[in-house]
Q: 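Would you mind keeping the following structure in view while I ask a few things?
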Amino acid sequence: MPLIEVLADMEMAGVKIDLSLMNILSEELGKELSALVKRIYFLAGEEFNINSPKQLQEILFQKIGLRTIKKTKTGFSTDVDVLEQLSLEHELPKEILEHRTLSKVKSTYVDALPRIVNHKTGRLHTSFNQTITATGRLSSSEPNLQNIPIRGKWGQRIRQAFTAEKAHLLLSSDYSQIELRVLAHFSRDKGLIEVFKKDGDIHTRTASELFGVAPENVTTEMRRMAKTVNFGVIYGISPFGLSRQLGIAHDEAKLYIDTYFAKHSGVRNYVDKLISETSETGYVSTIFNRKRAIPELLSTNRNTRHLGERLVINTPIQGSAADIIKLSMLNIQKRLKKEKLGTRMLLQVHDELLFEVPEKEKDRAESLVKEEMENAVELNVPLKVDIGIGRNWAEAH
DNA sequence: GTTCTCACG
DNA sequence: ACGTACGTGAGAACT
Ligand SMILES: [Mg+2]
């Protein structure tokens, strides 16, 4: 069965939005924003368009005289990293950051989504695109429902507005660490396989290795840094990138990376071999044989070549995770139909599926979804799926 | 139409 | 000596 049939059903089903909650959020955001605007004008000593990076640059770097941190093509960056650093020296950047967060949430989600709720269905219908990404992931557009906020107070409140139909619940199921499990599978690394077979905490385990302490003595801060290292491995890590990400010295970052690869020689060998093979073949493959050409690897430009190496590392991992969740979607849809359930698949967010479930079907749907996702494919480590159920998307997480 | 920024995995 | 984390889509400002 082609995936497009599943995607068509999902698009037609749509997801219910609580418009009155969205209205309340819009008003609250409006009030908070006007208060912020006043404080910003006072701190800047003049009125200007806060949403204009060009005007903001003049205020920060010329009028106030704060130091520039990084360049863009056309001037000096005012992105979140820059404003966070400048916050240590002046009050204004902190207020700008808050303003950015709130205006993003208001314009992109709280005000935009209600405008495109379908009049016939009363629901929001996205398009899932199959032929956009380079890795085999889906994308979602008009509206994009794969980047709905989740972090922070406003993220939670927006997800509360994604609700279930009367007498229904939302069920969210997401793969736990699927990309690192795929890496464990491809690399056959002993340490990675061991921790996933024991269902251990991968970031705590990595922290224990990097900092040379027992797992029970890993601090929150050590675990946070190890999590960044684990992400770095999936993206094709470099000392420069890791040092920037963690805000630590280049040498310290290099030490973590060297330690990681010393403890995970399986990953080291896998990555080295894959890069050299790809230099010969010109492409990488996912677990179900999706291919991506990597011409960047043969570039005469060193930066482009390094980009090629990162793509060689990342694409089979990200692409295989995409293959796996797609197969699980097909299997779930077949069973829902065959077993005549009223549960409907609504959204896919890369490692998560969202369903609308008749209240009475809750337990059956949960076990069906968990079973199909965890058994979509047999890797040399288990796949693990977490499930949450609630009246809205925030509660289901 | 391009640039910058920022939301998500 | 060089300079970046991988994959997306959308809003606002500006040209
Ligand atoms: Mg997850």
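Remember, predicted model here, so these are calculated numbers, not experimental data.
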Q: At their closest point, which heavy atom of A/Leu192 faces which heavy atom of A/Asp189, and how far apart are they?
A: N-OD2, 3.0 Å
Q: B/dC8 and C/dG3: how far apart are their P atoms, nearest whole angstrom?
A: 31 Å
Q: When you group the ILVMFWY residues by side-chain heavy-atom contacts below 4.5 Å and let the links chain together, are A/Ile69 and A/Phe240 in the same group?
A: no
Q: Please identify which of these residues, A/Arg205, A/Gln177, A/His203, meets the side chain to side chain donor-acceptor pair (under 3.5 Å) condition with A/Asn230.
A: A/His203
Q: Give the minimum heavy-atom separation between A/Thr163 and A/Glu356, together with the two atoms involved.
A: O-OE2, 4.2 Å
Q: Between B/dC6, C/dG7, B/dC8, which nucleotide has the shortest distance from any of its atoms to the side chain of A/Pro149?
A: B/dC8
Q: Any donor-acceptor pair, under 3.5 Å, between the side chain of A/Thr74 and the base of B/dT3, if you only look at N and O atoms?
A: no
Q: Which atom pair, heavy atoms only, marks the closest approach of A/Leu145 to A/Trp393?
A: O-CH2, 4.1 Å
Q: What I want to check is whether the side chains of A/Thr78 and A/Arg100 have a donor and an acceptor closer together than 3.5 Å.
A: yes
Q: List the steps and the verdict of side-chain hydrogen bond (donor to acceptor under 3.5 Å, both in side chains) for A/Thr131 and A/Asn129.
A: CA-CA 6 Å; A/Thr131 56; A/Asn129 313 300; over 6 Å; no
Q: With Watson-Crick and G-U wobble geometry limited to distances under 3.5 Å, how should the secondary structure of DNA chain C be encoded in dot-bracket form, using | for bases paired to another strand and [ ] for crossing pairs?
A: .....|||||||||.
Q: Specify the residues of residues 221-232 of chain A, ordered by number, for which at least one heavy atom lies under 4.0 angstrom from an atom of DNA chain C.
A: A/Thr228, A/Gly232
Q: List the protein contact pattern of nucleotides 9-15 of chain C with one symbol per nucleotide (5' to 3'): B for base contact, S for sugar-phosphate-only contact, - for none; contact means a heavy-atom distance under 4.0 Å.
A: BBSSSSS
Q: Output every pair passing salt bridge (Lys or Arg N to Asp or Glu O under 4.0 Å) with a member in residues 306-316 of chain A, not counting sequence neighbours, ordered by first then second residue.
A: none
Q: Is the phosphate of B/dG9 approached by A/Arg151 (side-chain N or O, under 4.0 Å from OP1 or OP2)?
A: yes
Q: Ignoring hydrogens and angles, state whether a donor on the side chain of A/Gln348 or A/Gln146 is under 3.5 Å from an acceptor on the partner side chain.
A: yes
Q: Remember a base hit wins even if backbone is also touched, and classify A/Val80 as base, sugar-phosphate or nothing at under 4.0 Å, heavy atoms.
A: sugar-phosphate
Q: Between C/dC2 and A/Arg302, is there an OP1 or OP2 to side-chain N/O distance shorter than 4.0 Å?
A: no
Q: Considering only the P atoms, how many Å lie between C/dT4 and B/dC4, rounded to the nearest integer?
A: 13 Å
Q: Hey, can you pull the residues of residues 63-73 of chain A with a non-hydrogen atom under 4.0 angstrom from DNA chain B?
A: A/Thr72, A/Lys73
Q: Would you call the rings of A/Phe61 and A/Phe76 parallel, tilted or perpendicular if under 30° counts as parallel and over 60° as perpendicular?
A: perpendicular
Q: Heavy atoms under 4.0 Å, any strand shown: does A/Ile148 hit a base, just sugar-phosphate, or nothing?
A: sugar-phosphate
Q: Quick check on the hydrophobic clustering: are A/Ile116 and A/Leu21 connected, directly or via other members, by side-chain heavy-atom contacts under 4.5 Å?
A: yes
Q: Contacts to DNA chain C from residues 306-323 of chain A, heavy-atom cutoff under 4.0 Å, which residues?
A: A/His306, A/Leu307, A/Arg310, A/Leu311, A/Asn314, A/Gln318
